[in-house]
Amino acid sequence: MNHNRKNTLFESILNIVRQIPKGKVATYGQIATMVGTQNPRLVGYALASLKDDTTVPWFRVINSRGKISFPQGSDAFKIQYSLLIKEGVRFSDKNIVNLKIFGWSEAND
DNA sequence: GGCTTGACTTACA
DNA sequence: CTGTAAGCCAAGC
């Protein structure tokens, strides 16, 4: 009806990320596919423009290797890591998420 | 309208 | 496991 094309990929991505259940994670690639793009980088690009006080759970987005996409030791890494831990996400290593990362399916431990 | 930049991914060595 | 290369495409200048 309305030619509201204003719903940019940018908005769509954030919308999807908002729907990731607490305690679960998704990959950039998974989200990219959901919004209909073949470029997972755009997901990261969208998240990068979020403000610090955003309500979007950006920290629930990790890369396809099951890791946080920030250099270990960086502030962003520490923040994301602790937020995930706080939600019950478990790590095998300091960086590898011990969950099934495809979509936000149940943690099959 | 063209060129550069990416919080990525997959493939291969 | 690590490292390098090519592909992908919206946003911003």
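Everything quoted here is computed from the prediction, not taken from an experiment. Just so we're on the same page: letters track the sequence lines, and every chain starts at 1.
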What's the closest nucleotide to the A/I96 side chain, out of C/dC1, C/dA10, B/dC8? C/dC1
Any idea which of B/dC8, B/dT10, C/dA11 is nearest the A/R65 side chain?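 Ranking B/dC8, B/dT10, C/dA11 by closest atom to the A/R65 side chain puts B/dT10 first.
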Short side-chain N/O contact from A/T8 to OP1 or OP2 of C/dA10, under 4.0 Å: no
N/O (side chain, A/S64) to phosphate O (OP1/OP2, B/dT9) under 4.0 Å: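 So the side chain of A/S64 is within the cut-off, an N or O lying under 4.0 Å from OP1 or OP2 of B/dT9.
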Starting from [atom2] on [N], measure out to [atom1] on [X] and report it in whole angstrom.
X: A/I13; N: B/dC8; atom1: CD1; atom2: C1'; answer: 11 Å
X: A/I16; N: B/dC8; atom1: CD1; atom2: P; answer: 19 Å
X: A/Q30; N: C/dC8; atom1: CD; atom2: C1'; answer: 17 Å

Between N or O atoms, less than 3.5 Å apart, protein on one side and nucleotides 5-7 of chain B on the other: list the pairs.
| from | atom 1 | to | atom 2 | distance (Å) |
| --- | --- | --- | --- | --- |
| B/dG6 | N9 | A/R41 | NH1 | 3.4 |
| B/dG6 | N7 | A/R41 | NH1 | 2.6 |
| B/dA7 | N7 | A/A48 | N | 3.3 |
| B/dA7 | N6 | A/L47 | O | 3.2 |
| B/dA7 | N3 | A/Y28 | OH | 3.2 |

Which residue is it: A/Q19, A/K22, A/K24? I am looking for the one with a side-chain contact (heavy atoms from CB on, under 4.5 Å) to A/R60.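 The passing option is A/K22.
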Determine the interplanar angle of the A/Y81 and A/F91 rings, folded into 0 to 90°, and report it as parallel if under 30°, tilted if 30 to 60°, perpendicular if over 60°.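 Rings of A/Y81 and A/F91: tilted, as their planes differ by 30° to 60°.
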Mind listing the closest non-hydrogen atom pair of [X] and [Y] along with its distance?
X: A/E87; Y: A/G23; answer: OE1-N, 3.0 Å
X: A/S69; Y: A/Y28; answer: OG-CE1, 3.5 Å
X: A/I13; Y: A/V43; answer: CD1-CA, 3.8 Å

Any chance you could encode DNA chain C as dot-bracket? Rule is Watson-Crick or G-U wobble with both distances under 3.5 Å; [ ] for pairs crossing earlier ones, | for another strand. .||||||.|||||
Please confirm whether the backbone N or O of A/V25 pairs with a side-chain atom of A/Q30, one donor and one acceptor, at under 3.5 Å?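 The answer is no, because no donor-acceptor pair under 3.5 Å joins these two groups.
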Looking only at atom types and distance, does a side-chain atom of A/N95 sit under 3.5 Å from a main-chain N or O of A/I68, one as donor and one as acceptor? yes
May I have the step-by-step check of side chain to side chain contact (heavy atoms under 4.5 Å, CB included) for A/I20 and A/I31, ending in yes or no? CA-CA 10 Å; A/I20 304 177; A/I31 293 167; 4.3 Å; yes
